[in-house]
Asks: 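So that we are looking at the same thing, I have put the structure below in structure tokens.
Chain letters run A, B, ... following the sequence lines, proteins first and then strands; every chain starts at 1. Side chains are part of it too, since the values below use all heavy atoms of this structure and drop only hydrogens, waters and symmetry mates.
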2 protein chains.
Amino acid sequence: MRKENSTNAINEQFLFQVCELNSAISMVSGRWKCQIVFSISQGYNRFHLLKRKLPKISEQVLGRQLKELETHAIIVKRELPETVPVGIEYVLTNKGLDLIPILEGLCNWGKVYTGGKEISVRLTS
Amino acid sequence: MRKENSTNAINEQFLFQVCELNSAISMVSGRWKCQIVFSISQGYNRFHLLKRKLPKISEQVLGRQLKELETHAIIVKRELPETVPVGIEYVLTNKGLDLIPILEGLCNWGKVYTGGKEISVRLTS
DNA sequence: CTATGGACTAACAATTTTGTTCGTTATTGC
DNA sequence: GCAATAACGAACAAAATTGTTAGTCCATAG
């Protein structure tokens, strides 16, 4: 799926070395990822709950996104005891928890500049 | 280039309505975008300066990314007076300036969790 | 015994993003 | 006159992401 030596992959690596910002961005960009993290933090922490919250996502895509978030150590799976069959819960790691305020900041930024059509520049002279 | 009625495009719109977070993310994700914004804020505010700072980017790709940042009103072009031929400078709008601290936060988050392999979860019980 | 809910995975196709090739305008340096 | 620098645009190709189809396993409800 990933070509190790494509220009694209090389450029990605290059950017990762320029600044951690770029690796951070790459972990949170993706169609559903941020929204999933946010939803988990709001208590929609199980597969079926997420499915209900985001009706347009397909189960397959949801599963994939969850797995990616797991490999980036933003969430972890946890088996719920006393459930038959074993229920599974998604929990934010510290890494994931620390991401929340940043996402809130981004969200706010988005709200302030909705539409984003008005251009304003602070004058320096 | 964009299919208006693809599932992908529809899902994108859906997410935009769920939360501004998603539109915010879509404005900053993209191979070079964040790094360009950051570099402009550091004073690499002209086409050739950016090219030199990010040697791996091609001129065409750079041009495209700059245009996208412009349509999102994160930067604006400005003609430098007293230059022949007209020199062009890129300036962060207020929207762009307000983005910087958020990007710094993300960058920091990236630095704290480098590698991102250690999984730690705060215990609630 | 069939249907339903929960939690997925693999393989493939559609769409989107990223990079490449070629070309433009205009000016200064040699 | 010829090359180089600055600042791009269009069209096309390669690669990556996103969505779809099909199917798994287990357990409880009816």
Asks: Could you measure the distance from the CZ atom of B:Arg46 to the CZ atom of B:Arg52? Nearest 0.5 Å is fine.
Replies: 10.0 Å
Asks: May I ask you to test the B:Lys77-B:Phe47 pair for a side-chain heavy-atom distance under 4.5 Å?
Replies: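 Answer no - side chains too far apart.
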Asks: On a heavy-atom basis, which atom in B:Glu70 and which in B:Val76 lie closest, and how many Å separate them?
Replies: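 Between these two residues, the closest heavy atoms are CG-CA, 4.3 Å.
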Asks: Report the distance from atom CG of A:Leu66 to atom P of C:dA7, rounded to the nearest whole Å.
Replies: 10 Å
Asks: Out of D:dA16, C:dT18, C:dA7, which has the shortest distance to the side chain of A:Phe47?
Replies: C:dA7
Asks: Are B:Leu99 and A:Leu106 close enough that some pair of their side-chain heavy atoms sits under 4.5 Å apart?
Replies: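 Counting from C-beta outward, B:Leu99 and A:Leu106 do come under 4.5 Å.
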Asks: OP1 or OP2 of D:dA7 less than 4.0 angstrom from a side-chain nitrogen or oxygen of B:Arg46, does that happen here?
Replies: yes
Asks: What are the two closest heavy atoms between A:Ile75 and A:Thr93, and how far apart are they?
Replies: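 Nearest heavy atoms, A:Ile75 then A:Thr93: C-CG2, 4.0 Å.
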Asks: What is the separation between atom CD1 on A:Ile25 and atom P on C:dT17, rounded to the nearest whole Å?
Replies: 16 Å
Asks: Any side-chain N or O of A:Lys77 less than 4.0 Å from the OP1 or OP2 oxygen of C:dC8?
Replies: yes
Asks: Answer yes or no: does a side-chain N or O of A:Asn11 lie under 4.0 Å from OP1 or OP2 of C:dG19?
Replies: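 A:Asn11 to C:dG19 OP1/OP2: side-chain N or O found under 4.0 Å.
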Asks: Output the rounded distance in Å from CG (B:Leu50) to C1' (D:dT5).
Replies: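 For the pair B:Leu50 CG and D:dT5 C1', the rounded distance is 16 Å.
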Asks: Can you tell me how far CG of A:Leu103 sits from CG of B:Leu21, rounded to the nearest 0.5 angstrom?
Replies: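 Interatomic distance, B:Leu21 CG to A:Leu103 CG, rounded to 0.5 Å: 5.5 Å.
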Asks: Could you pick out which residue, A:Thr7 or A:Tyr90, lies toward the 5' side of DNA chain C when each is mapped onto its nearest nucleotide?
Replies: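 Its nearest nucleotide being more 5', the pick is A:Tyr90.
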Asks: In terms of side-chain heavy atoms of A:His48, which of D:dG9, D:dG19, C:dA7 is nearest?
Replies: C:dA7
Asks: Nearest whole Å is fine: how far is D:dT20 C1' from A:Arg64 CZ?
Replies: 10 Å
Asks: Between A:Leu80 (CG) and D:dA27 (P), how many Å, whole number?
Replies: 16 Å
Asks: Look at the side-chain N and O atoms of A:Trp32 and state whether any lies under 4.0 Å from the OP1 or OP2 oxygen of D:dT17.
Replies: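 No, A:Trp32 has no side-chain N/O under 4.0 Å of OP1/OP2 on D:dT17.
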Asks: Between atom CD1 in A:Ile88 and atom P in D:dC25, what is the gap in whole Å?
Replies: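 It works out to 16 Å between those atoms.
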Asks: Tell me which residues in residues 54-62 of chain A lie within less than 4.0 Å of DNA chain C, going by non-hydrogen atoms.
Replies: A:Glu59, A:Gln60
Asks: Considering every strand and a 4.0 Å limit on heavy-atom distances, what is the contact class for A:Lys33: base, sugar-phosphate, or nothing?
Replies: nothing
Asks: Can you check the B:Glu12 CD to D:dT17 P distance for me, whole Å?
Replies: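 Going from B:Glu12 (CD) to D:dT17 (P), I get 16 Å.
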Asks: Any idea which of D:dA16, D:dA7, D:dA6 is nearest the A:Ser6 side chain?
Replies: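 Of all the options, the side chain of A:Ser6 is nearest to D:dA16.
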Asks: Taking atom C1' of C:dT18 as reference, at what distance in whole Å does atom CG of A:Leu15 sit?
Replies: 12 Å
Asks: Within this structure, what is the CG-CG distance for the pair A:Asn11 and A:Asn22, rounded to the nearest 0.5 Å?
Replies: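 Reported to 0.5 Å precision, the distance equals 11.0 Å.
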